[in-house]
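The structure appears below as C-alpha cells.
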Protein chains: 2
Amino acid sequence: MNKITLIDVARFCHVDISTASRALRSDPRVKSKTQELVKKAANRLGYRPNLLAKSLAGGKTNTLWVILPSIDSIVDAKLVHEISRYANSLDYSLFAAFHDSEEFGVSKGNPIDHYVKIVDSACQGLVDGAIVLPRRFADDSDILNTFVKNEFPFVFVDNYLEGVPTSVAMTDQKQATESLIQHCLQAGAKEFILLFGNDTNPVESRRLTSSRDYLIRQRIPFTEICEIQKTWKPKKKGSPALAVLGSSQAIFHTYLAEHFSPFLQHKLVFGVFDEWIGEPSPAQKVFVGIQNSEKLAKEAVDLLIKKIQRKNKSPKEIKRIPLVECRAILPSIRC
Amino acid sequence: MNKITLIDVARFCHVDISTASRALRSDPRVKSKTQELVKKAANRLGYRPNLLAKSLAGGKTNTLWVILPSIDSIVDAKLVHEISRYANSLDYSLFAAFHDSEEFGVSKGNPIDHYVKIVDSACQGLVDGAIVLPRRFADDSDILNTFVKNEFPFVFVDNYLEGVPTSVAMTDQKQATESLIQHCLQAGAKEFILLFGNDTNPVESRRLTSSRDYLIRQRIPFTEICEIQKTWKPKKKGSPALAVLGSSQAIFHTYLAEHFSPFLQHKLVFGVFDEWIGEPSPAQKVFVGIQNSEKLAKEAVDLLIKKIQRKNKSPKEIKRIPLVECRAILPSIRC
DNA sequence: TTGTACGCGTTATCAA
DNA sequence: TTGATAACGCGTACAA
C-alpha cells in the first residue's frame with residue numbers, strides 16, 4: 001500500500017503541510033509556481049490523499065449507499081445501476097450493500113444480523129445517506145427505524161414500508177396496472193386472471209387492488225388466484241381470449257406448469273411487470289410494463305440529497321413515476 | 001445525525017476517554033463494574049462509534065469491495081451475493097461498486113472516468129482490498145495496473161486480464177465446455193454449432209478453443225459461427241439431431257430469430273453457460289452449465305485475504321472451479 | 001502568499 | 001486498574 005502522505009510531499013518541496021494541502025486543492029491563494037511544484041512532486045512521489053482522514057476532517061464522505069437484500073432480477077440490477085450512474089454524475093461515490101443471507105443456499109448465522117450491521121454502520125459516519133430497497137421481511141421496519149432515531153438521511157425506492165416515515169420514489173402502480181390491462185384488452189382479451197400474491201407487500205397488494213377496481217369498473221370478468229394451488233375455472237362460456245396478469249415471469253411458468261389444462265382452448269395474453277425473457281409461449285403475446293429506472297433513480301437520489309442538505313426538516317414526499325411503455329413480446333421463432 | 005462521541009460518554013461517567021474506549025471493547029483490564037457503567041451510559045446516550053476515526057486510527061477498515069461494470073445477469077448477481085455473504089461471515093463489510101455508465105441509455109461523461117475514480121479511491125484508504133470482475137474493455141489493464149503500482153491487494157473473479165498480474169478464481173472453462181458437450185451427445189446430438197464470439201475475452205475464447213479441441217478429438221462435425229450474420233449449412237446429410245453451444249440465452253434467440261430456416265427439420269439441443277429462463281423452445285432440451293458461485297466466492301475472498309495479510313509476497317495463484325452440474329431444462333408446458 | 005496550531009473521533013503506548 | 005498523551009492524515013481559521 002501507499003504510505004506517502006501530505007507531510008512527505010510538503011517536506012520534499014520544503015513548504016508547510018498546509019501550503020501543500022492548499023496547492024493540491026488549487027487554492028488561488030497559493031502562488032501558481034508553488035502550486036505546480038507541489039503538484040508535480042505529489043505526482044512523482046505517487047501521493048494519494050487518505051480519504052478516511054479527508055472525510056473525518058471534512059465531516060462528510062461524499063458517499064451514498066444503496067441497501068438491498070440482493071439482486072434477484074435484471075430490473076433490480078438496472079435500478080441500482082441507474083442510481084449509481086446518477087450519483088456519480090453528481091460527484092457522489094455510490095456503493096451497494098447486500099444484506100440477504102438466505103436467498104441462495106444455506107443461511108449462515110442470523111440473516112437479520114447483517115441487515116442490522118449495515119444499517120448501524122451507515123449511521124456511524126461512513127456515508128452521508130442511503131437509498132433503501134425494502135423487501136417483505138416482517139422486521140424491516142424495526143431495523144430501518146434506527147435511521148429515523150439517528151436522524152440519518154435515507155429514502156425508499158421502488159417499494160416502501162408503512163411504518164417507516166421517509167420519502168419514496170416508486171413506480172405508479174395504478175397507472176402501470178391499468179396500462180397493462182388496456183393493452184391486454186386491445187389484444188382481444190375478454191376475461192382476466194390475476195396472479196398476484198396476497199401478502200403484505202405494498203406493491204403487490206396495490207397491483208391487485210388496482211386491477212380489481214379497474215376490471216370491476218369496466219365490468220370485465222376476472223378471477224383472483226392469490227394462492228398457487230387454486231385452479232382456474234372459466235367465467236364466460238366458449239373460448240374467449242384470456243389475459244393473465246402477474247408480477248414476474250416466474251409466477252406464470254410456475255402456475256401454468258401445474259394448472260395448464262383449463263387454458264388449452266383459449267388464446268392467451270400475459271401482462272407482466274418486471275421483465276420477460278425468451279419466447280412468449282404459451283401465450284401468443286406478452287406485454288411487459290417497463291418501469292422508468294432512470295427517472296426512479298434520479299428522483300430517489302434527488303430526494304436523498306434534499307434530506308442530506310436540510311437535516312432538520314424531513315418532509316415525507318412521494319414521487320410516483322409512470323411506466324415508460326408496455327412492450328409487446330411476440331414469438332420470434334415459428335415452430 | 002448522531003453527535004455523541006466517546007468524550008461525551010467518558011465525561012458522563014467521570015472516567016477518562018481511554019478507559020471508556022477500553023470498556024466498550026470489553027478490555028479485560030477494565031474493572032467489570034466500570035465496564036458495565038460505561039456500556040450502559042453509551043447505550044442510554046445513543047453513542048455510536050465513528051467508523052472513520054476507528055479505521056483511521058486502526059489502519060484498517062475491515063471492508064472489501066467488489067468492483068464490476070454492472071450486473072447483467074442473475075449469474076453475476078449470484079456471484080456478488082455469495083461474495084458478500086462469505087465476506088460478512090468473516091466479519092468484513094462488503095460493498096459493490098459499479099463503473100459502467102454506458103450499458104443503459106445514453107452515457108454521461110467519459111465512462112472510463114468512473115472506473116478510474118473507483119480504482120483510485122480504493123487505493124486511498126477506504127478499503128482493505130478488492131475483488132474485480134473484469135470485462136472486455138480494451139483499457140481495463142491500464143486502469144487496473146494502478147492497483148499493481150500501489151501494491152493494493154486485489155484479485156480477479158470469474159474472468160481475468162492477461163496483462164494484470166494477480167490471483168484469479170474462475171470457473172474451469174475446459175471442464176465446463178466438455179461437460180456440456182457430453183450431455184448434448186448423450187441427448188443424441190450428432191453435429192455441433194458453436195455460437196461463441198471471436199473477441200479477446202479469455203473466457204469466451206477458452207470456451208471456443210476447448211469445444212473445438214474436444215470435438216475434433218472425438219471426430220464430431222461442427223461449425224463455428226463467430227459472427228452473427230453467418231448462416232449455418234449442415235455438414236451431415238439427413239436430419240441428425242443438432243447441438244448448439246453458446247454463452248448466454250440471448251445469443252440463441254438473436255441468432256435463431258434471423259437464421260431459423262436451416263434448423264427446421266432438425267431436433268435441437270442447446271448447451272448454454274450462464275442461465276436459461278423460461279421454456280427450452282425451440283430446442284427440445286437445454287443444458288445449462290451451473291457455475292459454482294459459492295465456491296468461486298469463497299476462493300476469491302480467501303485469495304484476497306491472503307494478499308491483504310502478507311503484502312510483500314504476491315503469488316499469482318489461479319483457482320479453477322468445476323461446474324456444480326449441467327442442469328437439463330425440459331418443456332413444462334405442452335402446446 | 002505562507003506558516004502555526006487546532007480539531008475531527010478513535011486506538012495505542014506509555015506512565016502512574 | 002486507570003489516566004495522560006501521542007499518533008492516524010487532512011482541513012482550516014488565524015496569525016504572520
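Every chain is numbered from 1, with letters handed out A, B, ... down the list of sequences.
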[X] [atom1] to [N] [atom2]: how many Å, rounded?
X	N	atom1	atom2	result
B/L126	D/dG9	CG	C1'	13 Å
B/E36	D/dT1	CD	P	14 Å
B/L56	C/dG9	CG	C1'	9 Å
A/L51	C/dC8	CG	P	21 Å
B/I7	C/dG7	CD1	C1'	10 Å
A/Q35	C/dT1	CD	C1'	11 Å
B/L24	C/dA12	CG	P	14 Å
B/R48	C/dG9	CZ	P	16 Å

Given DNA chain D, 5'-ward residue of the pair B/K31 and B/A57, judged by closest heavy atom:
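Residue closer to the 5' terminus by nearest nucleotide: B/K31.
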Please compare B/T34 and B/A53 by the position of their nearest nucleotide in DNA chain D and report the one closer to 5'.
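Per heavy-atom nearest nucleotide, the more 5' residue is B/T34.
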Over all strands shown, is [X] touching base, sugar-phosphate only, or nothing at heavy-atom distances under 4.0 angstrom?
X	answer
A/S55	nothing
B/I17	base
A/L6	sugar-phosphate
B/R22	base

Closest to the B/N50 side chain: C/dT10, D/dG9, C/dT2?
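Shortest atom-to-atom distance from the side chain points to C/dT10.
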On the nucleotide [N], are OP1 or OP2 found under 4.0 Å from the side-chain N or O atoms that [X] carries?
X	N	value
B/S21	C/dT10	no
A/S18	C/dT2	no
A/T5	D/dG9	no
B/R25	C/dT11	yes

Between B/S167 and B/K319, is any side-chain donor less than 3.5 angstrom from a side-chain acceptor?
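The answer is no; no qualifying pair exists.
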Are the side chains of B/I67 and B/F147 in contact, using a 4.5 Å heavy-atom criterion?
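Contact flag for B/F147/B/I67 side chains = yes.
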With nearest nucleotide decided by heavy atoms, which residue, B/R29 or A/H14, maps closer to the 5′ end of DNA chain C?
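Whichever sits nearer the 5' end wins; that is A/H14.
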State whether B/K298 and B/D302 are salt-bridged, where the test is any N-O pair (Lys NZ or Arg NE/NH1/NH2 against Asp/Glu carboxylate O) under 4.0 Å.
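Yes, charged N to carboxylate O under 4.0 Å.
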Could you state the interatomic distance from CG (A/D76) to OG (A/S70), rounded to the nearest 0.5 Å?
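The OG atom of A/S70 is 7.5 Å from CG of A/D76, to the nearest 0.5 Å.
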Ring geometry between A/H99 and A/Y115 (parallel below 30°, tilted from 30 to 60°, perpendicular above 60°)
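The rings of A/Y115 and A/H99 lie parallel, inter-plane angle below 30°.
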